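In what follows, a single structure is set out as structure tokens and then discussed.
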Amino acid sequence: MKELKDFPISQFQDALLSWFERNMRDLPWRKDRDPYKIWVSEIMLQQTQVDTVIPYFNRFMERFPSLEALAEAPEDDVLKHWEGLGYYSRARNLQTAVKEVQEQYGGKVPDEPNEIAKLKGVGPYTAGAILSIAYGKPEPAVDGNVMRVFSRIFAIQEDIQKPKTRKLFEELIRGLIPENSTSYFNQGIMELGALICRPKSPQCMFCPVIEMCQGRSLGIEQELPVKQKKKKPKLKKMVAGVVLANNMVFIRQRPETGLLAKLYEFPNLEWEADAELEISKYLYQTYDFQTETSARYEHVQHTFSHLIWDITVLELNLVGEVELVEGQLPVRLERQPFLTNAEAGFWVTLEELDRYAFPVSHQKIKKQLLEK
DNA sequence: CATGCGTGGCA
DNA sequence: TTGCCAAGCAT
């Protein structure tokens with residue numbers, strides 16, 4: 001590793017560890033070394049800021065205090081506790097992996113790299129984080145913080161978006177990590193990235209390792225790390241129907257793969273020419289509903305990382321001869337052979353709506369319905 | 001390897 | 001307002 005030639009390794013370790021011990025934040029998942037808690041926190045923290053995670057983590061631990069509790073919980077319950085946090089496959093993969101640990105490892109989170117890496121949702125970063133933080137193993141845990149900090153310290157100009165670059169940093173860290181302080185070393189780098197070596201306007205005057213930073217001495221710390229620019233999200237015109245009958249509303253669960261998988265939503269589709277006509281036609285063809293528009297809600301605009309939904313929201317009343325039985329569909333599904341399970345829905349009372357996990361976009365629709 | 005996958009905060 | 005960013009992973 002050419003970067004480490006002439007680099008004062010032990011001086012760097014000492015300065016970093018000393019700084020971390022003096023400046024580490026008091027976070028809920030730092031109260032003990034329970035591998036289960038470390039694991040949950042690391043999954044929640046993927047692409048998500050600490051301040052956002054804290055309340056979710058606390059509620060999650062209250063409801064699923066142990067690995068066993070999470071393994072036994074209904075999936076809908078897990079998703080409900082993830083509602084609003086985003087990247088929902090994290091929650092489902094976590095539970096899948098927790099069940100695996102319960103069954104294959106007797107409920108003990110594995111402490112071997114090749115075992116833990118097999119678990120759903122546990123990639124190179126998370127594996128390294130759990131192994132080092134919970135078990136003290138000398139494994140690198142390379143996330144965005146770590147790549148930013150070390151790309152500055154060693155003035156590395158590789159694009160950190162590329163998978164190959166992560167491996168470069170892993171090898172670098174294997175030569176830097178102190179055998180007896182792996183947990184604090186890895187956390188210290190991330191903490192330094194979060195508090196001092198930030199993406200914009202890094203606080204170099206407070207940095208414990210400023211003398212060892214090549215990026216700083218070259219005056220290019222602001223230009224690092226090198227990163228590809230993101231594409232613009234693409235606009236999609238959606239129309240959603242809030243279908244009402246007898247004080248109940250019709251919702252459905254999204255398909256088990258893809259965007260917002262397994263979350264609940266109001267029936268909707270992408271429209272081309274006439275939102276109102278197309279949603280009513282869709283509701284008739286898919287669910288045998290005959291409807292008339294009863295209100296227009298405000299448009300809901302929602303931006304994802306890769307696309308934008310502009311949702312026209314219509315409230316529709318069921319008309320015609322409909323026999324409504326609580327908890328049952330007012331249509332006979334057996335007469336709809338083309339109706340996929342994904343599109344199948346059900347009626348709920350307005351009070352029951354809160355039991356289901358909605359993506360934020362449909363929470364906005366729900367809010368308008370309840371405030372009406 | 002490139003792309004899909006959420007959301008909220010910030011300048 | 002818009003773009004960027006945050007403790008990544010699955011496919």
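Chain letters run A, B, ... following the sequence lines, proteins first, then strands; residues in each count from 1. FYI, side chains are in, hydrogens and waters are out, and symmetry mates aren't considered; it's all heavy atoms of this structure. The structure displayed is predicted, hence computed values, not measured ones.
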- Can a side chain N or O of A:Lys231 be found less than 4.0 Å away from OP1 or OP2 on B:dT3? yes
- Query: Does OP1 or OP2 of B:dG4 have a side-chain N or O of A:His306 closer than 4.0 Å?
  - Reply: no
In whole angstrom, what separates [X]'s [atom1] from [N]'s [atom2]?
{"X": "A:Lys230", "N": "C:dT2", "atom1": "NZ", "atom2": "P", "answer": "17 Å"}
{"X": "A:Arg166", "N": "B:dC1", "atom1": "CZ", "atom2": "P", "answer": "10 Å"}
{"X": "A:Leu85", "N": "B:dC5", "atom1": "CG", "atom2": "C1'", "answer": "13 Å"}
{"X": "A:Lys364", "N": "B:dG6", "atom1": "NZ", "atom2": "P", "answer": "15 Å"}
{"X": "A:Gln161", "N": "C:dC5", "atom1": "CD", "atom2": "P", "answer": "9 Å"}
{"X": "A:Glu256", "N": "C:dA10", "atom1": "CD", "atom2": "P", "answer": "17 Å"}
{"X": "A:Leu119", "N": "C:dG8", "atom1": "CG", "atom2": "P", "answer": "19 Å"}
{"X": "A:His362", "N": "B:dG6", "atom1": "NE2", "atom2": "P", "answer": "13 Å"}

By the 4.0 Å heavy-atom rule, please label [X] as base, sugar-phosphate, or nothing.
{"X": "A:Val50", "result": "base"}
{"X": "A:Thr303", "result": "base"}
{"X": "A:Leu27", "result": "base"}
{"X": "A:Thr52", "result": "nothing"}
{"X": "A:Gly193", "result": "nothing"}
{"X": "A:Lys227", "result": "sugar-phosphate"}
{"X": "A:Ile43", "result": "nothing"}
{"X": "A:Arg148", "result": "sugar-phosphate"}
{"X": "A:Lys120", "result": "sugar-phosphate"}

- Task: Give the intermediate values and the outcome of salt bridge (Lys or Arg N to Asp or Glu O under 4.0 Å) for residues A:Arg30 and A:Glu191.
- Result: CA-CA 13 Å; A:Arg30 284 182 176 162; A:Glu191 199 83 334; 3.1 Å; yes
Candidate nucleotides [options], ranked by approach to the side chain of [X] - the nearest:
{"X": "A:Tyr125", "options": "C:dC9, B:dG6, B:dG8", "answer": "C:dC9"}
{"X": "A:Tyr88", "options": "C:dG8, B:dT7, B:dC5", "answer": "B:dT7"}
{"X": "A:Tyr87", "options": "B:dC5, B:dT7, C:dA6", "answer": "B:dC5"}
{"X": "A:Gln46", "options": "C:dC9, B:dT7, C:dG3", "answer": "C:dC9"}
{"X": "A:Gln49", "options": "B:dG4, B:dG6, B:dG8", "answer": "B:dG8"}

- Earlier contact from the 5' end, DNA chain C, for A:Lys232 and A:Gln187: A:Lys232
- Query: So which one's nearest nucleotide on DNA chain B is more toward 5', A:Lys162 or A:His302?
  - Reply: A:Lys162
- Message: Please compare A:Phe358 and A:Lys200 by the position of their nearest nucleotide in DNA chain B and report the one closer to 5'.
- Response: A:Phe358
- Item | Close side-chain approach of A:Asp111 to A:Ile116, heavy-atom, < 4.5 Å | no
Aromatic centroids of [Y] and [X] separated by under 6.0 Å:
{"X": "A:Trp82", "Y": "A:Tyr56", "answer": "no"}
{"X": "A:Phe7", "Y": "A:Phe12", "answer": "yes"}
{"X": "A:Phe20", "Y": "A:Phe185", "answer": "no"}
{"X": "A:Phe346", "Y": "A:Tyr356", "answer": "yes"}

- Answer with yes or no whether A:Thr48 presents, from its side chain, a donor or acceptor under 3.5 Å of a partner atom in the base of B:dG6. yes
- How are the rings of A:His302 and A:Phe304 set to each other: parallel, tilted or perpendicular (split at 30° and 60°)? perpendicular
- Message: I'd like the C1' distance from C:dC5 over to B:dG6, given in whole Å.
- Response: 13 Å
